[in-house]
Amino acid sequence: MTFAGSPARESAGGGAFRSAEGARRVPLRHPWWWAGGAVLVLLIALFARLLVTNENMRWSVVLEYLFDGEILGGLVTTLELTVLAMVLGLALGVVLAVMRLSANPLFRSVSWLWLWFFRGVPPLVQMVFWFNLATLIPVIELGVPFGPALASWDTNTVVSSFSAAILGLALTESAYAAEMIRAGIQAVPQGQTEAALVVGMSRFQVLRRVVLPQALRIVVPPIGNDLISMLKFTSLVSVLATPDLLYSAQMIYSRNYRTIPLLLVATIWYLVLTTLLTLAQQQVERRMQLTRAAAGRAGDVRRLRFLPSFGKA
Amino acid sequence: MSEIPLLRIEKVGKAFGRHQVLREVSLDVHAGQVLCVIGPSGSGKSTLLRCVNRLEVPDSGYVYLEGQPVGFRWTGDGLHEMTSAQLAAQRRRMGMVFQNFHLFPHRRVIDNVTEGPVVVNGLDRATAREQAMGLLTKVGLADKAGAFPESLSGGQQQRVAIARSLAMRPALMLFDEPTSALDPELVGDVLDVMRDLARDGMTMVVVTHEMAFARDVADQVVFMDGGRVVEAGPPERIFGAPEHERTRSFLSRVL
């Protein structure tokens, strides 16, 4: 048996070797691209006609309310809810992730239970629950556990519809963030921890200076994704009559019955915000790569001092 | 010698599961000495080194640094296990260089070196930078101060790792196969830096496969096999006239 290929049969060309050089080349045709494209263009055209010609869209009304004070106020509330819930959720998430990876079984179990509960209960149910907390616990007391109270507040004044919304959103986010951050921490090689310990860092310093900065860099893309989800989830607060973007639109159309145009106003703003967040996420990721590439090319510290350093958290 | 050895390893034993990696290993290293540990892979060399700074906790025996047991402190009623902060303080006296460098990839070279002094010792940033530049010059990498580790060659990364350890002004340097992950042509630069360090009087424990380095630089060479110290002595004797058959057969294969 030989490993060399069998000699080519002299069938198609018939006869001697034929060089391909200088021959006319015909690229592969894609007839289905054109067919599929035509169908899509048709569908887009139909949709565009619906948008433009359908009277009920009332674009003039949309324009009228797009920059309405009430709507813009709702927009600000939506942003406040998003940022607050996200910051609280992430901060809690870091703590939960570290607890979940702790050597202490009690910390691990508490973290597990927390995740199980807050990932399992829908944020909408939570919000309504927090809002009605006063029915369960009428007065919040601060003092010695099982002992005398030092201070107390009426639950209804502490838990407003806004803070109930924040609680529902942030606690759900904390559970999801904890899992992402845990994955990020576990993706940082063990050698990093050892190198930091050997320099003489305490466990806490290792976590804060070496492990977390690297773990958070790994989870920037999923957290950006979560931020966009969060923005949309804030619309749930309309059930608690918190005047966010959606609820502001709803209040207006309950007065003037122009439902579709006002829903369009809300839709446009949500799209604007998610687009901005997507762009911001891309920028953050690109910048992290750029700093490194730039520093890789030029070794001089002085020239690079003004570039952002992501290590200095 | 009557003085207290800088490092004393006393009957250290360690098992991973049912595998006994170290069996009653005892060694002394005096200030200014270079000890090279050689032996086949799996002989327990790296585990021994990691037991010295307690990255691995020995099952039995003790390690003493400057006369104090590593990981424990004396009180009236006996030995108390150290808190993580106390152990960290003790680890500052021992630098360690790893086979795979383990530089902090998110920090520039200069920040890798200043991190310990600034975060752990609370040194101000300007002084730390000045000191770090001095160390980087010493290892021949001052021009790479602003680079990120990933843009450096393995040999350069290892020299930065050495500078990072030296920045903490340790009394003892531990080297865990520092050149084993390097391309052959990069090994020389790293060994040169280590030679300089030995010449400056640094106390060093070096786990290595570089026999020529061990012969030139070591004051004491230890041959380990199967978790035991088979033979220890000055390099002339270990390389020139080994007593044990096991040492001879190992050296005949690596030299």
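All values below come from the heavy atoms of this structure, side chains included, with hydrogens, waters and symmetry mates left out. Here is how names work: the chains are called A, B, and so on, in the same order as the sequence lines, proteins then strands, and each is numbered from 1.
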Next item on the list: For each of B/Arg164, B/Met168, B/His102, tally heavy-atom pairs with chain A at distances under 4.5 Å, and name the one with the top tally.
Entry: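 Top count of heavy-atom pairs under 4.5 Å with chain A: B/His102.
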
Salt bridge between [X] and [Y], side-chain N to carboxylate O under 4.0 Å?
| X | Y | value |
| --- | --- | --- |
| B/Asp111 | B/Arg129 | yes |
| B/Asp176 | B/Arg50 | no |
| B/Glu81 | B/Arg73 | no |

Next item on the list: Under 4.5 Å heavy-atom distance to chain B, tell me which part of A/Gln205 shows up: side chain, backbone, both or neither.
Entry: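 Contact with chain B is through the side chain of A/Gln205 alone.
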
Checklist line | Which atom of A/Leu245 lies closest to which atom of A/Thr78, heavy atoms considered | finding: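 Looks like N-OG1, 2.9 Å.
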
Checklist line | Contact summary for B/Thr179 and B/Val190, nearest pair of heavy atoms | finding: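 Reported closest heavy-atom pair: CG2-CG1, 3.9 Å.
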
Margin query: Once you measure the plane-to-plane angle for B/Tyr64 and B/Tyr62, does it fall in the parallel (<30°), tilted (30-60°) or perpendicular (>60°) bin?
Written below: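 Tilted, since the angle between the ring planes falls between 30° and 60°.
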
Next item on the list: Please flag which part of B/Phe104 lies under 4.5 Å from any non-hydrogen atom of chain A: side chain, backbone, both or neither.
Entry: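 For B/Phe104, backbone and side chain are both near chain A.
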
Margin query: Determine whether a donor-acceptor pair (N or O, by modelled atom type, separation under 3.5 Å) exists between the side chain of B/Ser165 and the backbone of B/Met96.
Written below: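 It does hold such a pair.
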
Check: Among residues 87-95 of chain B, which ones touch chain A with a heavy-atom distance under 4.5 Å?
Finding: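 Residues B/Ala88, B/Arg91, B/Arg92, B/Met94, B/Gly95 are the ones that qualify, each having a heavy atom under 4.5 Å from chain A.
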
